[in-house]
Amino acid sequence: MSSKGGECSHQNLKKLEYGESESVSIKVLEAVCLALGISLKDFLSTVEVTE
């Protein structure tokens with residue numbers, strides 16, 4: 001994802017996609033949002049937090 005200006009490895013993306021990541025840094029979230037063309041604010045307003 002570095003081609004879009006962010007820093008997120010393929011392995012990190014797979015863990016996020018399959019719910020295998022226990023925590024995510026803001027830097028990774030920003031990279032994902034940049035690649036998707038959305039703002040971090042919009043992304044966070046649609047996220048459901050589960051325990």
Side-chain angles (χ1 to χ4, degrees):
M1 188 175 296
S2 60
S3 64
K4 289 274 191 177
E7 295 180 14
C8 187
S9 71
H10 179 69
Q11 289 176 332
N12 283 344
L13 286 176
K14 287 193 75 92
K15 285 182 180 180
L16 290 172
E17 181 180 3
Y18 293 107
E20 297 171 354
S21 191
E22 292 190 19
S23 64
V24 180
S25 71
I26 290 295
K27 195 171 192 174
V28 169
L29 287 178
E30 287 173 335
V32 169
C33 290
L34 181 64
L36 294 173
I38 62 173
S39 71
L40 183 59
K41 179 181 173 186
D42 287 341
F43 177 80
L44 292 175
S45 69
T46 62
V47 172
E48 178 181 328
V49 177
T50 59
E51 292 185 39

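Index from 1, following the sequence.
E20 is linked by a side-chain contact (heavy atoms from CB on, under 4.5 Å) to K15, Y18, counting only residues two or more places apart in sequence or in another chain.
For the side-chain contact (heavy atoms from CB on, under 4.5 Å) with L29, the lone residue among L34, L16, L40 that qualifies is L40.
Summarising the geometry of C33 relative to S39, their closest heavy-atom pair is SG-O, 4.0 Å, with the distance given to 0.1 Å.
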